[in-house]
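Scroll down for the structure; my scribbles are underneath it.
Just so we're on the same page: letters track the sequence lines, and every chain starts at 1. Everything quoted here is computed from the prediction, not taken from an experiment.
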Number of protein chains: 2
Amino acid sequence: MRNGSANRMYRTQEFAELASVTVRALHHYDRLDLLKPRRTDAGYRLYGVRDLERLEQIVALKFLGLSLKQIKALLEREKLELSAALRMQRKVLEQRRSLLDRAIRAIREAESAVKPGRQTDAAVLKKIIEVIEMQDNTDWMLKYHTPEARQKVEARRQLWSPELQERVSKQWAGLMAEVETALGEDPAGPRVQALAERWIKLVEEFTGGDQEIAAGVRRLYADQANWPAGFQQQAKPFMNPEVWTLMQKAIAIRKASAT
Amino acid sequence: MRNGSANRMYRTQEFAELASVTVRALHHYDRLDLLKPRRTDAGYRLYGVRDLERLEQIVALKFLGLSLKQIKALLEREKLELSAALRMQRKVLEQRRSLLDRAIRAIREAESAVKPGRQTDAAVLKKIIEVIEMQDNTDWMLKYHTPEARQKVEARRQLWSPELQERVSKQWAGLMAEVETALGEDPAGPRVQALAERWIKLVEEFTGGDQEIAAGVRRLYADQANWPAGFQQQAKPFMNPEVWTLMQKAIAIRKASAT
DNA sequence: TTCGGGCCTGACGTAACGTCAGGGTCAAGC
DNA sequence: GCTTGACCCTGACGTTACGTCAGGCCCGAA
């Protein structure tokens, strides 16, 4: 009774215009249980001020590039996950921007390179491909490596014949498959320890015994553990996380018992 | 007979690895008639060197953010449309990047603003919304206007009551609907000329008689005419192009006969 | 009471594939 | 000649965030 007429209710269209979204979007959010308005007896949706606030939050997070699933997870568990999510999202966006930048640069370079004399489309395409490939070779290493590590990777790359590459990657696949069959077992048991042995060998072969590279890989996977809700599955990794943790445990045990 | 063994053929998987795409993607391009390999009697796909070249072009254009439909159109009509398409795409990408930048800035500002004392998620959200809204109000005008025109728009905006806005936009909708019913008619005929009259009135009301703003709108639509293949429908405009051209003709006639 | 406008719930379409499922093909070894 | 195992094929459904009908109910004003 405190404020009877103050909190007016809006029907769908009116509310949509108020918030600059479409009616269909409101339907959509409703079905996803993301924003569920009240209903009249006839089934009409009725939105109030609280709904407007929530919708504004949704729209804002969408603007930041979060998916509706992620937004839902964040808004539901009113924990302190938001800032963690934002930190992650910032990285995602920055990565996306660097991709965009590369594309834009490629177009610019192709445009300026083709100016003299109108060339055929095929020539333009060739130039584009060239530019992109040049960028590619230099960019992929920047991710989980320090600058010093980059040089070493580059050096190693030249030592790797395609045959060696294939052999190693096949061994990886086989080993991971085997580890999966041992998932329930004791990390200290003989079978898992044997697998850990092979694991270490492969890692050494892969990294050339370089600690920095190995650390980069480890960072990549360790990060996963404390991701906020709704982010677990996005871009699923090429390795089962359980496999990863089992191996980490086994290796830790191995090292401890090696003294 | 010239070079029997030189152009080796690859089966799907092998070819996919060679080009660093997935087998499924090759299937997909095949079904879209984007890259159709030869077939064995048994139906197996066989890719050759020409296919590799084409695939590289596809991948490159995809990297630039073109859709498969656009890529197909560009690669089919081997005209000189490619550079026009690239020019457009660059604008699209730059626009996308500015959106990304805004999102990134918003996150950064929110992160730095929240540092002192761990605040609740709600507070963080509020800050984000605030930042985004501030950016929004200043950005939308930069599109088809010169800096000088911007100020005028801003000035006009303050004169526009919401009622006036709504009235005008409804008149627009009504007028456009009427013009659509007159699409086949003679631009010099009385009915179309009457519509053109109303059109001009509305434009004046809308722009406040400002020539620069009117020119901006005109540029926006005129551009459409010489877009390259595959770009016609992307982001369909809020106005039927036929309506636009009919009105342009009618207005030209009106001006000519007004002497 | 009727009529125009708004509201409802399906249900299909979009882009670029991922991911099975069910079923042939091929080359190698027995 | 036959059996594998590896590879190939064609559907067909899942994904994301809605757009766009289609068929039918509800509501307020004249």
Tell me if a side-chain donor or acceptor on B/Q89 pairs with a main-chain N or O of B/L64 at a distance below 3.5 Å.
yes

For the backbone of A/L34 and the side chain of A/R54, can you confirm whether one donor and one acceptor N or O come within less than 3.5 Å of each other?
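The answer is yes, because a donor-acceptor pair under 3.5 Å joins these two groups.
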
Between B/R11 and B/A25, which residue's closest nucleotide on DNA chain C lies nearer the 5′ terminus?
B/A25

DNA chain C: 5'-proximal contact among B/T40 and B/L68 (nearest heavy atom)
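Per heavy-atom nearest nucleotide, the more 5' residue is B/L68.
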
Contact summary for A/P37 and A/L35, nearest pair of heavy atoms:
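Shortest heavy-atom contact: CD-O, 3.4 Å.
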
Mind listing the closest non-hydrogen atom pair of A/Y47 and A/L26 along with its distance?
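The answer is OH-CB, 3.5 Å.
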
Rounded off to whole Å, could you give me the [atom1]-to-[atom2] distance for the [X] and [N] pair?
| X | N | atom1 | atom2 | result |
| --- | --- | --- | --- | --- |
| A/L66 | D/dC18 | CG | P | 13 Å |
| A/H27 | C/dT9 | NE2 | P | 7 Å |
| B/L35 | C/dA16 | CG | C1' | 15 Å |
| B/E17 | D/dC7 | CD | C1' | 12 Å |
| A/H28 | C/dC12 | NE2 | C1' | 15 Å |
| B/D41 | C/dG24 | CG | C1' | 14 Å |
| A/E14 | C/dG6 | CD | C1' | 12 Å |
| B/I71 | C/dA16 | CD1 | P | 8 Å |

For [N] and [X] - does any side-chain N or O of the residue sit under 4.0 Å from the phosphate oxygens OP1/OP2?
| X | N | result |
| --- | --- | --- |
| A/R45 | C/dC8 | yes |
| B/T12 | D/dC9 | yes |
| A/R39 | C/dT9 | yes |
| A/R31 | C/dC8 | no |
| B/Q13 | D/dA6 | no |
| B/Y29 | C/dC17 | yes |
| B/K69 | C/dA16 | no |

Looking at A/D51 and A/R45, is there a salt bridge between them, counting it only when a charged N and a carboxylate O are closer than 4.0 Å?
no

Could you tell me whether B/E130 and B/K126 make a salt bridge, using a distance below 4.0 angstrom between a side-chain N and a carboxylate O?
no

Base, sugar-phosphate, or nothing: which does A/T22 touch, judged by heavy atoms less than 4.0 Å apart?
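Touches sugar-phosphate only.
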
Closest to side chain of A/R24, choosing from D/dC9, D/dG19, D/dC8:
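Closest nucleotide to the A/R24 side chain: D/dG19.
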
Any non-hydrogen side-chain atom of B/Q95 less than 4.5 Å from a side-chain atom of B/L99?
no

With DNA chain D as reference, determine whether A/L32 or A/Y44 sits nearer its 5' end, using the nearest nucleotide of each.
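Per heavy-atom nearest nucleotide, the more 5' residue is A/L32.
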
When you look at CZ of A/R39, are more than 12 heavy atoms from neighbouring residues, nucleotides or ligands closer to it than 6.0 Å?
yes

To the nearest 10 degrees, what angle separates the axes at the start and end of the helix from C/dT1-D/dA30 to C/dC30-D/dG1, five pairs each?
30°

